Amino acid sequence: MPAPPIIALVDCNNFYVSCERVFAPRLEHRPVIVLSNNDGCVVARSNEAKALGIGMAVPEFTVRQIIKKHDVQVLSSNYALYADMSQRVMEVLEQFCPDLERYSIDEAFLSLNGFRSRHLCEYAQSIRATVKQWTGIPVSIGVADTKTLAKVAGRIAKRGGGVSVITRSDEKELASLSVSDVWGIGPAYARSLGQHGIMTALQLRQADNQFIKKQMGIVGLRLVMELRGIACLELEQCPVPKQGITCSRAFSRMLSSRDELEEAVSSYVTRAAEKLRAEHLAVRRLTVFVQTNEFKNVPQHNASTTLRLPMATDTTHELIRAALACLRNIYRKGFEYRKAGVMLTELVPIGQVQADLFDGQDTTQNRGRARKLMTALDSVNARFGSGTLQYASSGIERTWKTQFQKRSPAYTTDWKQLPLVG
DNA sequence: TCTGGGGTCCTAGGACCC
DNA sequence: TCTGGGGTCCTAGGACCC
């Protein structure tokens, strides 16, 4: 019988906070949090901040007392820095194990097939030490037979030691883990399982298949099988093609005029189209949505509309034209809008775009010109900073733009902001 | 009077993830 | 005063067809 596959989950500890600490050692041993766009919600917490009871994803203003009382260090998020640090961590991991799935910005699954079990713990420890030494980022590593069990092991590793290896016969660890801490169990499932007396990961593993299928569908059944050590989720080494691209933001203040919403939507489409071209894709379907403030007792108008384009495109001005048409459809005067967004779906590789049968010679020439313009636009913005060249419809003043009051410098991605020594 | 059933495609909504 | 953003997958139900 072949040995079961062995999966390691490498998870960066408190990733955004750890990135900030690499460049600002004064943040060590102190409570630190990182905030989302517009400094709205807490998206990362140091262990010290967690110990103070600051929850994940809570609005900043709800923990302001704690911040003040304990001198919590507060930072705006700096995604350019985190993406760059993530890349560095992944490159170190690839040196240890080329069979790797980049699962998220701060996590990777590694296939450790072929390692004998008694060496797994040492090997994981050496990965951990090397990542810390070469990048400054602390990681935890969980090792097990399946992805879901490796996630469980990762949870255990974070309790201390940094590495945890569990086997399918281990019951103690599963019994010590709340069902809501299992990968794939969110608040809704945790509640319904709890009502049936299933409180721990071990109880979930022992639950009846039919019951699970009924409560949580096929996804839930797969999850339980994985907890039993039966692999249902493969390591995805080749990045799967993107299904959609979204760009949406809450404004820094409420907007009611159509002109301002048009600026915002234009600039979101511009960003989405840049992502599209970076992936060498074109889009057939575009959705625009607007939202009022759901947290306030004010008149609400949440609406979205979708347009199917006559032909797949990656050209910014074509997409802006389509998006503004959508916006005119859903905009209603007299509401205070808090957020808007653009979603691109039905993506196709740009090389496979079917030429429209009814396209004449003129249109073909226009497409060639548009392609050259987009290439020039992207290279100028890459060279001189994003937003150097932009469409007038995106506005000039843009007082609604997302705010980052406490952002750290782009230490690693901008020469002008390199940290100085001495 | 009698009021099918199965397949496919699409969409909206729910649940989850980081 | 102040509440993120970007994804995935599955399912139920309606429309439509034969």
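The basis for the numbers below is simple: all heavy atoms, side chains too, and nothing from hydrogens, waters or symmetry mates. Every chain is numbered from 1 and lettered A, B, ... according to where its sequence line falls, protein lines coming before strand lines. None of the values given here were measured: they were computed from a predicted structure.
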Ignoring the backbone of A:Val219, work out which of C:dG5, C:dT1, C:dC10 is nearest its side chain. C:dC10
For the pair made of OH in A:Tyr103 and P in C:dT8, what is the distance, rounded to whole Å? 12 Å
Checking all strands, does A:Arg191 fall into the base, sugar-phosphate, or nothing category for heavy-atom contacts under 4.0 angstrom? nothing
Taking all atoms of both residues into account, what is the closest heavy-atom pair of A:Leu227 and A:Leu149, and its distance? O-CD2, 3.5 Å
C:dG5 phosphate, OP1 or OP2: any side-chain N/O from A:Ser36 under 4.0 angstrom? no
Are the aromatic rings of A:Phe96 and A:Trp134 close, with centres under 6.0 Å apart? no
Does atom NZ of A:Lys401 have more than 12 heavy-atom neighbours from other groups under 6.0 Å away? no
So, does A:Arg249 get its side chain near the phosphate of C:dG6, meaning an N or O under 4.0 Å from OP1 or OP2? yes
Below the 4.0 Å mark, does B:dC17 have OP1 or OP2 next to a side-chain nitrogen or oxygen of A:Lys151? no
What's the closest nucleotide to the A:Lys296 side chain, out of C:dT1, C:dG5, C:dC9? C:dT1
Taking only N and O in the side chain of A:Arg285, is any of them less than 4.0 Å away from OP1 or OP2 of B:dT11? yes
Can you tell me the distance, in whole Å, between the CE atom of A:Met343 and the P atom of C:dT8? 12 Å
So for atom CE, which belongs to A:Met199, do other residues, nucleotides or ligands contribute more than 12 heavy atoms lying within a distance under 6.0 Å? no
Does atom CD of A:Gln210 have more than 12 heavy-atom neighbours from other groups under 6.0 Å away? no
Considering every strand and a 4.0 Å limit on heavy-atom distances, what is the contact class for A:Ile105: base, sugar-phosphate, or nothing? nothing
Looking only at non-hydrogen atoms, find the nearest pair between A:Val265 and A:Ala340 and report the distance. CG2-CB, 4.2 Å
End axis versus end axis in the helix from B:dG5-C:dC18 to B:dC18-C:dG5, the angle rounded to 10°, five pairs used at each terminus: 10°
Sugar-phosphate, base or nothing in reach of A:Glu107, heavy atoms under 4.0 Å: sugar-phosphate
Closest to the A:Pro187 side chain, choosing from B:dC17, C:dG7, B:dC16: B:dC16
